[in-house]
Amino acid sequence: MSKSNIPQFLVHSPEDNVGVVVVEDLKAGTKMLGVITENDTTIHVTAKHDIPIGHKVALKDLKEGDTVIKYGEDVGRMIGNAKEGEHVHVHNHKTKRW
């Protein structure tokens, strides 16, 4: 698939290890453009799965037990693995609050 000039995901902090998909119908194989809002820089990640809008995408390989950082904050831990570009959601991520 071709590369887009429109961001498909957003990241708040350069410290984040996940981004949030902001487009409908993101398909596996998409060469995604991401914007890091804190410093207005861009990053590129290829989607390994179809990922619904509002769901997370791994920005690097994450393994079970890793802390998930989103918005520059600890938002939970991995309960499964996700390689860069893979979908991160309830099947492999859990909040630490409960």
Side-chain angles (χ1 to χ4, degrees):
M1 292 195 159
S2 63
K3 201 184 259 189
S4 174
N5 293 327
I6 298 169
Q8 287 95 3
F9 68 96
L10 295 176
V11 178
H12 178 75
S13 168
E15 304 303 314
D16 291 356
N17 56 19
V18 296
V20 177
V21 172
V22 295
V23 295
E24 295 280 356
D25 299 321
L26 183 76
K27 300 296 183 197
T30 301
K31 295 177 182 173
M32 299 183 294
L33 170 65
V35 173
I36 302 173
T37 60
E38 189 173 281
N39 60 14
D40 200 31
T41 59
T42 59
I43 59 175
H44 293 90
V45 175
T46 300
K48 302 288 193 300
H49 301 134
D50 294 353
I51 305 174
I53 189 170
H55 288 218
K56 294 175 290 300
V57 59
L59 303 180
K60 65 177 201 164
D61 291 352
L62 300 169
K63 63 185 183 323
E64 185 175 343
D66 283 352
T67 295
V68 177
I69 305 295
K70 179 174 137 183
Y71 311 125
E73 301 289 333
D74 176 342
V75 296
R77 68 181 166 79
M78 295 297 291
I79 58 170
N81 299 326
K83 294 200 179 291
E84 179 182 303
E86 291 186 346
H87 187 197
V88 175
H89 198 55
V90 296
H91 64 282
N92 57 9
H93 169 257
K94 183 174 173 122
T95 181
K96 293 178 183 174
R97 288 186 271 179
W98 51 80

Side-chain heavy atoms of [X] within contact of [Y], under 4.5 Å:
X	Y	result
Asn81	Asn92	no
Val57	Leu26	no
His55	Val21	no
Ile51	His89	no
Val23	Met32	no
His44	Leu33	yes
Glu73	Ser13	no
Asp61	Lys83	yes

So does [Y] get a backbone contact from the side chain of [X], meaning a donor-acceptor N/O pair under 3.5 Å?
X	Y	answer
Asp74	Ile69	no
His87	His49	no
Lys48	Glu84	yes

Taking a hydrophobic cluster as the set of Ile, Leu, Val, Met, Phe, Trp and Tyr residues connected by side-chain heavy atoms closer than 4.5 Å, whether directly or through intermediates, do [X] and [Y] fall within one such cluster?
X	Y	answer
Val18	Ile43	no
Val45	Val11	yes
Val68	Tyr71	no

* So among Thr37, Val35, Ile36, which one has a side chain to side chain contact (heavy atoms under 4.5 Å, CB included) with Asn39? -> Ile36
* To do: Would you check, one step at a time, whether the test side-chain contact (heavy atoms from CB on, under 4.5 Å) holds for Asp66 with Glu64?
  => CA-CA 6 Å; Asp66 283 352; Glu64 185 175 343; over 6 Å; no
